[in-house]
Visitor: 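Shown below is the structure under consideration.
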Amino acid sequence: MDPRKYSIGYYPAPGKHMKWVEKDHIEKAPRWCSVDLRDGNQSLVIPMSLEEKLEFYHMLLRVGFKEIEVGFPAASETEYEFLRCLIENHMIPADVSVQVLTQCREHIIRKTFDACKGAPSAIIHFYNSVSVAQREQVFRKDKEEIKKIAVEGAKLVKRLAAEYEGNFRFEYSPESFTGTEPEYALEVCNAVLDVLEPSEDNNVIINLPVTVEMSLPHVYASQVEYMSENLKYRDHVTLSLHPHNDRGTGVADTELALLAGADRVEGTLFGNGERTGNVDIVTLAMNMYSHGVDPELDFSDMPAICKTYEACTRMHVYERSPYAGALVFAAFSGSHQDAIAKGMNWRKEKNLYQWTVPYIPIDPRDISRTYDADVIRVNSQSGKGGIGYLLEQAYGYILPPKMREDLSYRCKDISDRDHRELKSEDVLAIFMDSYLNIGNPLTISGTKFHQEAGAVEAQVTFLRHGRETTVSARGNGTLDAVSNALKAYSGKNYVLKVYTEHSVQERNSGSTAAAYIGIEDEESKMHWGAGTDTDIIKASANALISAFNNMSK
């Protein structure tokens, strides 16, 4: 372990923003937004089915959530269908808003509005990443270019909200806020607000996500206070938090940021979410409750909530999880047991209503407990990067980026349909069935090549339904010549857009050549094929025929 590898990756707020230090408790509950059905769902090995999401959704309503993020409908068919189910079956109460997430990309935003059509109250939560690391490493864009993405996204959601049936509110997140210069995050958020024009009748949510915890909690609090004091239209802006828990201080981040002026919290029950999870709303709410503040969420039947949570998510509420764990009120130490017993007797003797028992911060009966009993995985949420990495690491296939994306859609569709995790062998099977050496209905049974006047002359024998036909063609290389022969034989036109190749090291039989080809048909649709052989020319021809057969289908 070498700590010299690491340096501070966050940017403190400019000046002094420490008013939150003067406050010693949270005086009222924030607006709560559950993101269990999106953040908490996409982090599951087996994402929830439609029926499970409905069961979880109804539990969230019983607990008292008035804002519920129901998914990323443009990214998952299950989430799209789930949202349509809620809207078409009138399952959204009058005082509840559903929230949907979308990137600042036009086709994704449009599909999101398709999913939300007719919603009685929906929050369109759009975002783009603004951090230094993302700007430099992922997008390779400057500040103005990144800000433009946010502004154009705001313009589009505003326009579509006027065009689509339904009642819509807006939320914007500068993703990776904690790795962004606060002055720049403020500039982007204010530019978005100028487009959305918050007003008395148009409250806009600005969400400041702790996408990755990078600092001590007090640094985040000062960043939030800086934003709160400098955002435009502040009286008509709801300042929201979305903390993750990478450093294990998600609850502390949130509590201090609420003291710093935040109005709203996005989180999950028991902290379920990507990586180390989102902030745990159960802990936050019960912390307020233990200080005499009504959290405006009902956790009085904690065992039933845990049971539903575990059944729907297949996760387990850790025995030591604050308030909800099976052993959090259990005392095995004799001295602890003694103190608790004496405390209980003291309350009885003094006829106290206030809870003052040693070692136990709240009365277990308030939450229906008693005193005496008490490296890369693939599923429907996965992206092309993970699937491509898995295929490369396990089997040595290095797909072109767009082909990797095409494969990811196939994998996600199967996982989404079957509601199961896909192992590496499943991904390989999908790749082979979909792209590799596809010989139906057409194959190449033989080739001959010779150089002539700076070009390649090819004689290609095609086999279709048991009948062989030999076609001659010229090209600027062997693959070009084969492609021209294929066009002449089939009478179909296409453009060869992508070609890559590499060697695959077989465990027992040495090296095999792998080739990948993408062809574009006359309707500008891409079709992919892959080929393998000990001869790279044959591998390339196999890839071309595979792509052609896929186009023919």
Side-chain angles (χ1 to χ4, degrees), residues 29-45 47-48 53 56-57 59-60 63-72 75-76 79 98-101 123 125 127 129 131 171 173-179 205-215 217 220-221 223-224 238-258 262-288 295 297 299 305-306 308-310 312-318 321-325 379 381:
R31 281 169 50 186
W32 301 105
C33 178
S34 161
V35 295
D36 293 87
L37 297 175
R38 200 270 298 177
D39 264 23
N41 185 44
Q42 73 182 19
S43 62
L44 299 175
V45 174
M48 286 181 266
K53 292 192 77 165
F56 205 107
Y57 171 76
M59 177 187 70
L60 294 172
V63 169
F65 284 97
K66 302 303 181 185
E67 295 178 359
I68 301 173
E69 190 168 80
V70 295
F72 199 140
S76 167
E79 295 185 3
V98 293
Q99 179 170 303
V100 291
L101 189 69
I123 300 169
H125 181 187
Y127 73 96
S129 193
S131 69
E171 175 177 351
S173 284
E175 191 197 4
S176 303
F177 169 77
T178 45
I205 301 167
I206 292 294
N207 188 54
L208 304 179
V210 184
T211 307
V212 179
E213 277 193 316
M214 296 180 171
S215 69
Y220 179 58
Q223 293 169 332
V224 170
T238 295
L239 191 57
S240 178
L241 311 171
H242 185 111
H244 281 256
N245 199 42
D246 303 86
R247 290 169 52 89
T249 58
V251 169
D253 285 337
T254 307
E255 291 183 330
L256 296 189
L258 287 171
D263 311 301
R264 179 179 185 266
V265 174
E266 295 185 349
T268 59
L269 302 185
F270 312 114
N272 182 35
E274 294 280 28
R275 305 185 313 275
T276 53
N278 295 69
V279 68
D280 179 3
I281 287 183
V282 174
T283 300
L284 281 170
M286 294 306 300
N287 281 355
M288 293 179 195
L297 294 175
F299 292 113
I305 292 170
C306 293
T308 300
Y309 168 83
E310 293 185 334
C312 291
T313 67
R314 300 168 184 82
M315 298 284 284
H316 175 63
V317 178
Y318 174 50
S321 181
Y323 303 103
N379 59 29
Q381 310 294 314

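All values below come from the heavy atoms of this structure, side chains included, with hydrogens, waters and symmetry mates left out. In this chain, residues are counted from 1 in sequence order.
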Visitor: Taking the side chain as C-beta and beyond, is there a heavy-atom pair between H244 and T276 under 4.5 Å?
Guide: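 Not in contact.
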
Visitor: Testing the basics here: between L101 and F72, what is the closest heavy-atom pair and its distance to 0.1 Å?
Guide: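 Taking every non-hydrogen atom into account, O-CD2, 3.3 Å.
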
Visitor: Might you work through the side-chain contact (heavy atoms from CB on, under 4.5 Å) test for F177 and T211, ending with a clear yes or no?
Guide: CA-CA 7 Å; F177 169 77; T211 307; 5.9 Å; no

Visitor: With the side chain counted from C-beta on, respond yes when Y309 and N272 share a heavy-atom pair under 4.5 Å apart, and no when they do not.
Guide: yes

Visitor: For residues L60 and L37, determine if any side-chain heavy atom of one lies less than 4.5 Å from a side-chain heavy atom of the other.
Guide: yes

Visitor: Go through the structure and list residues passing salt bridge (Lys or Arg N to Asp or Glu O under 4.0 Å) with E69, not counting sequence neighbours.
Guide: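 Salt bridge (Lys or Arg N to Asp or Glu O under 4.0 Å) check on E69 returns R38.
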
Visitor: Would R314 and L44 count as a side-chain contact (heavy atoms from CB on, under 4.5 Å) if you check the C-alpha gap in whole Å, the side-chain angles of each, and the deciding distance to 0.1 Å?
Guide: CA-CA 8 Å; R314 300 168 184 82; L44 299 175; 5.9 Å; no

Visitor: Quick check against the 3.5 Å criterion: does E213 have a side-chain atom that pairs as donor or acceptor with the backbone of G248?
Guide: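 Judged by distance alone, yes, a pair lies under 3.5 Å.
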
Visitor: Is there a side-chain contact between L208 and L239 (heavy atoms, below 4.5 Å)?
Guide: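 Heavy-atom side-chain distance check passes, below 4.5 Å.
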
Visitor: Check whether N41 reaches the backbone of M48 with its side chain - one donor and one acceptor, N or O, closer than 3.5 Å.
Guide: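 Looks like yes, one N/O pair under 3.5 Å.
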
Visitor: Would a distance-only check, ignoring hydrogens and angles, find a side-chain to backbone donor-acceptor pair under 3.5 Å from N245 to G250?
Guide: yes

Visitor: Does any part of the side chain of L269, heavy atoms only, come nearer than 4.5 Å to the side chain of F299, both counted from C-beta?
Guide: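 Touching, per the 4.5 Å side-chain cut-off.
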
Visitor: Sequence neighbours left out, what passes side chain to side chain donor-acceptor pair (under 3.5 Å) with S173? Give chain and number order.
Guide: H125, N207

Visitor: I'd like to check the salt bridge (Lys or Arg N to Asp or Glu O under 4.0 Å) partners of E67; sequence neighbours left out, ordered by chain and number.
Guide: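 Testing E67 for salt bridge (Lys or Arg N to Asp or Glu O under 4.0 Å), a comparison that skips the adjacent residues, returns R31, R169, R264.
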
Visitor: Can you check whether C33's main-chain N or O pairs, donor with acceptor, with E266's side chain at less than 3.5 Å?
Guide: no

Visitor: Side chains of Y220 and L256: closer than 4.5 Å at any heavy-atom pair?
Guide: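 With C-beta onward as the side chain, the pair stays apart.
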
Visitor: For E310 and V317, work out which heavy atoms get closest and say how close.
Guide: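 The pair with the smallest heavy-atom distance is OE2-N, 2.8 Å.
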
Visitor: Is it the case that the side chain of T178 and the backbone of V212 share a donor-acceptor pair, with hydrogens and angles ignored and the cut-off at 3.5 Å?
Guide: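 Side chain of T178 to backbone of V212, a donor-acceptor pair under 3.5 Å: yes, one is there.
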
Visitor: Looking at T268 and D36, would you say the former's side chain and the latter's main chain have a donor-acceptor pair under 3.5 Å?
Guide: no

Visitor: Go through it in stages, so that I can follow the logic: the residues are T313 and F270, the test is side-chain contact (heavy atoms from CB on, under 4.5 Å), and I'd like the CA-CA distance, side-chain angles, deciding distance and then a yes or no.
Guide: CA-CA 11 Å; T313 67; F270 312 114; over 6 Å; no

Visitor: To the nearest 0.5 Å, tell me how far C306 SG sits from Y323 OH.
Guide: 14.0 Å

Visitor: How about P30 and M288: do any of their side-chain heavy atoms sit closer than 4.5 Å?
Guide: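 Yes. Closest side-chain heavy atoms under 4.5 Å.
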
Visitor: Could you check whether any side-chain N or O of K53 sits under 3.5 Å from a backbone N or O of E79, counting only pairs where one atom can act as donor and the other as acceptor?
Guide: no

Visitor: Counting N and O atoms only, with roles assigned by atom type, does the side chain of D263 sit under 3.5 Å from a partner on the main chain of T238, one being a donor and the other an acceptor?
Guide: no

Visitor: Quick one, L241 with D253, criterion side-chain contact (heavy atoms from CB on, under 4.5 Å). Give me CA distance, side-chain angles, the key distance, then yes/no.
Guide: CA-CA 9 Å; L241 311 171; D253 285 337; over 6 Å; no

Visitor: Give a yes or no answer on whether the side chain of W32 reaches the backbone of G64 with a donor-acceptor pair at less than 3.5 Å.
Guide: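 No, W32 side chain to G64 backbone: no donor-acceptor pair under 3.5 Å.
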
Visitor: Which heavy-atom pair separates G179 from M214 by the least distance, and what is that distance?
Guide: CA-SD, 3.7 Å

Visitor: Grab the two heavy atoms, one from P243 and one from V210, that are nearest each other, plus how far apart they are.
Guide: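 Where P243 meets V210 most closely, the heavy atoms are CA-CB, 3.6 Å.
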
Visitor: Please give me the minimum heavy-atom distance between E175 and S129, naming the atom from each residue.
Guide: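 Where E175 meets S129 most closely, the heavy atoms are OE1-CB, 3.4 Å.
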
Visitor: Might you point out which heavy atoms bring A257 and A221 nearest each other, and give the distance in Å?
Guide: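 Answer, listing the atom of A257 first, then A221: N-CB, 4.2 Å.
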
Visitor: With side chains defined as the heavy atoms from C-beta onward, is the minimum distance between D280 and L284 less than 4.5 Å?
Guide: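 They are not in contact (no side-chain heavy atoms under 4.5 Å apart), so the answer is no.
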
Visitor: Without swapping roles, check the side chain of S43 against the backbone of G40 for a donor-acceptor pair under 3.5 Å.
Guide: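 Yes.
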
